[in-house]
Engineer: 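Before I ask anything, here is the structure I am working with.
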Amino acid sequence: MNTQHAERPTTPIQAHTPILRVQGLSKRFHPSLPPVVENVGFTVEQGEVFALLGPSGCGKTTTLRLIAGFEQPDSGQIWLEGREITRLPPEERGIGFVFQDYALFPHLSVFENVAFGLRRLRGKARQARVLEVLGLVGLTVFKDRKPGELSGGQQQRVALARAIAPGPKLVLLDEPFSSLDAALRQSTRDEVRALLKQAGIGAILVTHDQEEALSFADRLAVMRSGQLEQIGTPEEVYHHPRTPFVAQFLGRTNLIPGEARGLEAETPLGRLLLSEEAQGAVLLSLRPEGLGLAMPLGHLGIDGKQLEGTVLAREFKGHDMTYRVQLGNRELIVQESPESPFRPGDKVRVLVRARAVVVGRGR
Amino acid sequence: MVYSLPKPIPKPLLAVALLVGAAVLLPLLYLVLRAAQAEPHQLVEIVLRERNLQLLGNTVALLVGVIALTTALALPLAWVTSRTDLWGKRFWTVLLVLPLAVPGYVGVFGFFGATGAGGWLEHLLGFPWPRPTGYLGALGVLTLFTYPYLFLNLRAALLGLDASLEESARSLGYRGLEVFWRVVLPQLRPALFAGWLLIGLHVLGDFGVVSLVRFETFSYAIYLQYSASFDRIYAAWLSLMLILLTGSLLWLEARLLKNLSLSRVGLGSARKSQPVRLGVWRLPSLGLMALPIVGALVVPLTSIVYWLAQYPSSPHSRSFEAVLEALRNSVQAAAPAAFLAAFLALPLAYLGVRYPSRLSRLLERAAYIGYATPPLAFALALIFFSLRGVPFLYQTLALLILAYALHFLAEAIGPIRSALYQAPPRLEEAARSLGYNPLQAFLRATFPLLRRGLLASMALVFLSAVKELPLTFLLAPVGYSTLSTRIWGYTSEAMFAEAAPYALLIVLFSAGLVGLLLSQERQ
């Protein structure tokens, strides 16, 4: 498999130093085990929301803990605002951290939890800052409660308030929404994003939820087995995955082998247009929404080239309809409009509406 | 590439822990030195004595019996008093913990004062009740007065359990008893092991009970060697054998605790569970609770009152002052020891929980070895060392305090360790990310959560030190009488009436402390 670590060149030239730069970061927990994090590098710009996306056990949380200073890397460097912090203890880094289980101090009230990190402020100034941050997350009325008396969503907001109260330039979020129910998750996510943007705080979100990463982040990195497979904006990574893994991890896709010649490739689905030039054996990705279904042309068929298949299953999702279609010895996922009429067993014609993306080259 | 080992132990922490471990292990060195003084022909004769095998059989039989009986008693009692709709759970809990305030020798005093010719049972029933002696006597008395160690550990663990775990098991289709076996009991393992270990060590080290009921175990044999023939070399060998037995127990616990990490992984704070309805089990539950309450409280208290009524109305009023002086002496030695023990136990427990490794386990075990070393041998070893190394400490209160603290360190570790298991390491990391150095992070984030555990540790050590007899005998400055030495002195001379006021004081005093312990648990 060809993995490409290279960051896609971004056109706008950043005039200022990035808030965070990570380079060649590697970590092994035991000499006999494979590295948990291997040669990871990326940057986060001022005020940018960055996501580390990957399946569980891919090393994304360890990467976050390395940046926070809870773990020491075996090699690699970390810079915060141009200052190297690789060997600094966590308390000297000034990076906020929101834990998956929030890690609120159970013996302190909401107010005291948020005030905990405000070591340099005293008296009125300290109180004012706590109330200001609690106001931002909308929890001022709960300031005297203990964490145990709050709901999950409220605890989550206290954790965020505690992390941003000291005014960090960067906040690390370790799956902070994973324990909230779906309705709350969406709204909390929006609130947190708005809050970070408003305060101009850079953030790194670790998540295994591709939808969360796509909607929350300005840019994201897809991680697998300790390595970064691709970095880019959500649109770039979704529409132009560089590897089969990225294509499959960011939503459903159809992986189709082919023989490329320039901007075209011969495949079991016929000749497909490619999004970029390639030569020789390739693996292509076609998103379900890049395919469509139509009534078979039957005896009216112009030639034998039409792609006739059989509907295996349909899945109504409200805003669209997803079909599984048997085509030869291949199964395809096709997304259609919600009023699409086909039923399992129906003969259908598969239409290709989009350019295929090359996700693998060579055998 | 340089590989980093998992979590290197901070050096200051390691230094403190090593120092504590070394201090506890000093007596072992003495025992080995003493034992090594044996001539080769003497050695064979000492080690291969048939009596040793008999002592081993007796000791193991007593150990297994007491652990089995205390578990059968403490587990249902802990559950009933923490998880059910029983009326007055707090009241029953206090009563069930109170036997902790009754030293084994006071317990025997209670039973002896009740049974036999002249006992109050004869007074009541008209015929003398048989005296509890031999194996069954030792088994019964030790069970009645050691089960609270296990009861307290299990109850604290049951109260600390996250109810959502049980609820999730129920939602997976498990019924009440199945949930208990498959979800609750596995989580009680640290508490069970800690309790068993305390009781096991107590049984192995006890000589007060076994000597009075005449059941020959290693400890009793060592005591006889010291008190009668004063054969230090054979006593040292017997001690080494006993330590070997204790070592096996510690090894077993270490194996069982291996890879057992029970930090709560859930969100926010743990919820309390809904009490279970006892229904038809209410009466059997009350019956079970009555058993230890009658055996370990009613019997000794009745004996105390009965014999107190026959206290010789002394013509000289010095007797009241003598009682007060003994009380003051007991507190003066036990209170500083309790603080010192908790202070020393903290780094050991922290190391064991947060930096689990071969070394940290070894250090934690060192504390248990100090606890398991027979008190008499421990005391003699300290005398030896103070004479050779720090003569200015010999015959001082400071040496006695140090002896208490080092000997009871193991009791102090248990509750602190249990509390540490419940304080997630994430809290300290959160504090670090908010600008606190490791020590500040510990003090601000973890330490407040350990308060309950620390208080439990101090109370346990205080009680134990007040009750402690052989250490006090050998290490107290000349003329320094405590409550325990007075009771022992009178009881050994069968002067039950003279012993009664001291026994009453020890029991009342310790009862107040147990109450304090429980009121802290409520917070």
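Reminder, nothing fancy here: chain letters follow the sequence lines and each chain counts from 1.
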Engineer: For B:L449, is it the side chain, the backbone, both or neither that has a heavy atom under 4.5 Å from a heavy atom of chain A?
Structural biologist: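 Side chain only.
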
Engineer: Any donor-acceptor pair under 3.5 Å linking the side-chain atoms of A:R21 with those of A:Q23?
Structural biologist: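 Note: A:Q23 and A:R21 side chains meet the donor-acceptor criterion.
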
Engineer: Show the atom names and distances, to 0.1 Å, of all donor-acceptor pairs under 3.5 Å that link a side chain in residues 110-120 of chain A to residues at least two apart or in another chain.
Structural biologist:
| unit_1 | atom_1 | unit_2 | atom_2 | d |
| --- | --- | --- | --- | --- |
| A:E112 | OE1 | A:S109 | N | 2.8 |
| A:E112 | OE1 | A:S109 | OG | 3.3 |
| A:N113 | OD1 | A:F105 | N | 2.9 |
| A:N113 | OD1 | A:R162 | NH1 | 3.4 |
| A:N113 | ND2 | A:F105 | O | 3.1 |
| A:N113 | ND2 | A:L108 | O | 3.2 |
| A:N113 | ND2 | A:S109 | O | 3.2 |
| A:R119 | NH1 | B:G435 | O | 2.6 |
| A:R119 | NH1 | B:Q440 | OE1 | 3.4 |

Engineer: State which residues pass side chain to side chain donor-acceptor pair (under 3.5 Å) with A:Q186; sequence neighbours excluded, sorted by chain then number.
Structural biologist: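 Counting only residues at least two positions away or on another chain, A:Q186 forms a side chain to side chain donor-acceptor pair (under 3.5 Å) with A:R189, A:D190.
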
Engineer: Relative to chain A, which segment of B:A441 carries a heavy atom at a distance below 4.5 Å: side chain, backbone, both, or neither?
Structural biologist: neither

Engineer: Salt-bridge test for B:E429 and B:R432: reply yes if a basic N is under 4.0 Å from a carboxylate O, no otherwise.
Structural biologist: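 Looking at B:R432 together with B:E429, the answer is no, because their closest N to O distance does not fall below 4.0 Å.
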
Engineer: How about residues 83-93 of chain A versus chain B: which residues have heavy atoms under 4.5 Å apart?
Structural biologist: A:P89, A:P90, A:E91

Engineer: When you check the side-chain N and O atoms of A:D174 and A:T61, is any donor under 3.5 Å from an acceptor?
Structural biologist: yes

Engineer: Is it true that the side chains of A:T188 and A:E191 contain a donor and an acceptor less than 3.5 Å apart?
Structural biologist: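 Not at all, the side chains of A:T188 and A:E191 share no donor-acceptor pair under 3.5 Å.
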
Engineer: With sequence neighbours excluded, what pairs up with A:S225 under the side chain to side chain donor-acceptor pair (under 3.5 Å) test?
Structural biologist: none

